[in-house]
Amino acid sequence: MSSPLLRLEGVHTHIGAYHILHGVDLEVGQGEFTVLLGRNGAGKTTTLRTIMGLWTAAPGRVWFGGVDIATRSTPEIARRGIAYVPENMGIFSDLTVRENMLVAARSARRAEGMDATRLEWIFGLFPAIRKFWQHPAGLLSGGQKQMLAVARAIIEPRKLLLVDEPSKGLAPAIIQNMIAAFRELKQTDTTVLLVEQNFNFARQLGDKVAVMDDGRIVHSGTMAELVDDEGLQQKLLGLSLAAHQ
Amino acid sequence: MSPSVATAPAADALPQLVADRIPLLLVPALALAALPLMSSLSTWVTLTVAGLAMGMIIFIIASGLTLVFGLMDVLNFGHGVFIALGAYLAVSVLGAMSGWTGSEHLALNLLAVLPAMLVAMAVAGGVGFAFERVIIRPVYGQHLKQIMITMGGMIVGEELIKVIWGPQTIPLPLPAAFRGSLLLGDAAVEKYRLIAVVIGLAVFAAMFWVLSRTKVGLLIRAGVQDREMVESLGYRIRKLFVGVFVAGSALAGLGGVMWGLYQQNVTPQMGAQVNVLIFIVIIIGGLGSVGGCFIGALLVGLLANYTGFLAPKVALFSNILLMVLILLWRPQGIFPVAKR
Ligand SMILES: Nc1ncnc2c1ncn2[C@@H]1O[C@H](COP(=O)(O)OP(=O)(O)OP(=O)(O)O)[C@@H](O)[C@H]1O
Ligand SMILES: [Mg+2]
């Protein structure tokens, strides 16, 4: 078996005086869609931020494409091919939607320099992006901002997408739109590590699943296995899927 | 915009387009409010042009500082040093070209003033680069240390200026063709003030163009709002910051040349004096906002001239009062920058 695209090895993360991650081990295989589940405060966001170099793993290793990026700077990690959709979406609200996309498209110097075919594809996934192209992004609704955040992450092909709770605060119709978009993204063989609390969302997308608690990975396996095993769900997530449908 | 694209109805709801136009009315409102208080229309015209000229110069000086704060939360109280440096360089360059500055030919005057401005910008930019390396970089993220060490840098800079040019006030006469006034109706308007307004508008337009039309400008605006996200998208904020710092220092050098010519003399303390005004301006404008800085600078310039004429005793406080009023209205300044 070939080595995974991303591998965290014994990652400890400290934020100020707090010890948040206690030795996280996690693998994300090339082309796989992995969902990271866990209750509030489990350390999911901290894990993604550590991969991005926004917090430092100390000690610990973060292997990406065979290179340890644990001590690299955030811009360098991004340039190695990781796109990040943070929990707060990180939208530049004073910039227009177009300008937000242009900032994300590293190789384009002007809006016309963005890959037109790819842009059309994104407009297809998220029609609101086209519609509000010239609008200040700060005027978008929460759901539209989330779409823009995801659109920004895929404006150019990246090796790995880190997405933090894209369903947070979204209306059901928009969640369906989001799921459809990620499904289509899966067709393109993009590797995704997605943080979710919404198991119903997660189960529709994930190939693999990892569950965190208290700064550690407490379970990892295939999504199918977890979906089929209500007892395991009860144990890990404190919920039964049936109750949430 | 065709209705067929409406897959998720809620996702297509049109956001309200509410452009914030009120601040744009502040400058004309202040000018009009002053009109009935003046003894004559011509006095008002003279003071208004003087105020706009002063405002433009302050804007040139302050615009870089507001971005420096916006981008890296760096409080640079040493900015004034670049103003004094620019003004003193103008003394030297224009002094060396006195043959041309004394000529009545506008072209020869310009041939002296332009190099003076370019030298001031280049040297101030270069010193700014070193200042960022040596003084600012070790104290990223530590406000108290920033205040102390940049003030220290300013004092050292002032002393160096005294060593090079001497401690005394040095006259900086306007080139011959810049002197005198034009008559607009009954009102006498000093030519140099009109020139200052034109240069200020040109700098504002150039900055506006860079910030709205170039990728670097977009990154600067994005960085002012969310530094971390810009880095997560693969850009090095520090590099961007150094560029902004150097450009801001160069603009302060240019502003220093213009301020020196406006006052027609230079002193080693001039930087420290202007420092107070520029901090008022960037706070009024909203830290990190170039547009707010522009409006704030014009308000400060106009108010200083109106009150200087009407009630010289309160002139000193008028700008503080202006700041208080603006902050009561908008605590984050005229154009609050949406920080995350
Ligand atoms: N900046 C910070 N300073 C101190 N503690 C923090 C900071 N950020 C997160 N933490 C703590 O780290 C722990 C993990 O937080 P994290 O945000 O990673 O959880 P999460 O799994 O993403 O939770 P949620 O589902 O609520 O987003 C929490 O106990 C949180 O209080
Ligand atoms: Mg989180």
Side-chain angles (χ1 to χ4, degrees), chain A residues 49 52-54 73-86 88-95 99-100 102-106 108-110 113 123-128 130-132 135-141 143-144 147 149 152-153 162 170-178 180, chain B residues 1-20 67 70-71 141 209-241 286 288-292 332 335-340:
Chain A
R49 286 178 61 87
M52 268 330 274
L54 294 165
S73 72
T74 299
E76 192 200 322
I77 291 167
R79 281 177 184 268
R80 283 178 176 274
I82 306 186
Y84 177 43
V85 180
N88 68 9
M89 302 178 279
I91 296 300
F92 306 118
S93 47
D94 289 353
L95 270 54
E99 290 169 335
N100 268 275
L102 178 54
V103 168
R106 276 200 295 276
R109 304 200 61 79
R110 311 160 49 76
F123 289 158
L125 297 178
F126 305 118
R130 187 208 298 274
K131 186 161 179 187
F132 302 122
H135 288 239
L139 299 179
L140 299 181
S141 71
Q144 292 162 349
M147 292 175 188
R152 262 190 343 193
L162 306 177
L170 300 190
I174 309 209
I175 292 189
Q176 278 315 314
N177 187 172
M178 200 59 97
Chain B
M1 295 277 167
S2 73
S4 63
V5 294
T7 37
D12 273 13
L14 248 158
Q16 284 292 304
L17 252 187
V18 275
D20 187 8
L67 286 177
L71 213 47
W209 183 82
V210 169
L211 288 174
S212 59
R213 292 279 182 275
T214 70
K215 181 96 183 233
V216 166
L218 283 190
L219 292 177
I220 292 171
R221 280 163 59 212
V224 166
Q225 287 173 61
D226 191 339
R227 197 185 317 165
E228 208 169 64
M229 194 62 219
V230 173
E231 296 227 294
S232 299
L233 289 169
Y235 305 95
R236 281 190 290 167
I237 277 283
R238 297 239 163 143
K239 223 169 117 188
L240 211 56
F241 176 75
S289 163
V290 171
Q332 305 287 320
F335 286 125
V337 172
K339 284 248 181 198
R340 62 173 206 95

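The figures here come from the full heavy-atom set of this structure, side chains too, leaving out hydrogens, waters and symmetry mates. What you see is a predicted model; the values in this text were computed from it and never measured. Here is how names work: the chains are called A, B, and so on, in the same order as the sequence lines, proteins then strands, and each is numbered from 1.
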Donor-acceptor contact present, side-chain E228(B) to main-chain L54(A), <3.5 Å: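 Not at all, since once roles are kept as given, no pair shorter than 3.5 Å links the two residues.
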Expected output: side-chain E99(A) to main-chain L218(B) donor-acceptor under 3.5 Å: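 Checked: no pair found.
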Q332(B) atom CD: more than 12 heavy-atom contacts under 6.0 Å: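 No, the 6.0 Å shell around CD holds no more than 12 heavy atoms from other groups.
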Residues, nucleotides or ligands: over 12 heavy atoms within 6.0 Å of R106(A) CZ: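 Check passes, neighbour count above 12.
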Minimum heavy-atom distance S232(B)-A78(A), with the two atoms named: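 S232(B) and A78(A) have their closest heavy atoms at O-CB, 3.2 Å.
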Stepwise side chain to side chain contact (heavy atoms under 4.5 Å, CB included) check, V103(A) with M229(B): CA-CA 10 Å; V103(A) 168; M229(B) 194 62 219; over 6 Å; no
Among the listed options A180(A), A153(A), A108(A), the residue most often paired with chain B at heavy-atom distances under 4.5 Å: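 If we count pairs closer than 4.5 Å to chain B, A108(A) comes out on top.
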Interatomic distance, D94(A) atom CG to R221(B) atom CZ [nearest 0.5 angstrom]: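 The CG atom of D94(A) sits 7.5 Å away from the CZ atom of R221(B).
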Tell me, side chain or backbone of [X] under 4.5 Å from chain B's heavy atoms, or both, or neither?
X	answer
A105(A)	backbone
R80(A)	neither
A83(A)	neither

Region of S212(B) that comes under 4.5 Å of a non-hydrogen atom in chain A: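 Contact with chain A is through the backbone of S212(B) alone.
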CA sep, side-chain torsions, deciding dist, call: L233(B), F92(A), side chain to side chain contact (heavy atoms under 4.5 Å, CB included): CA-CA 12 Å; L233(B) 289 169; F92(A) 306 118; 3.9 Å; yes
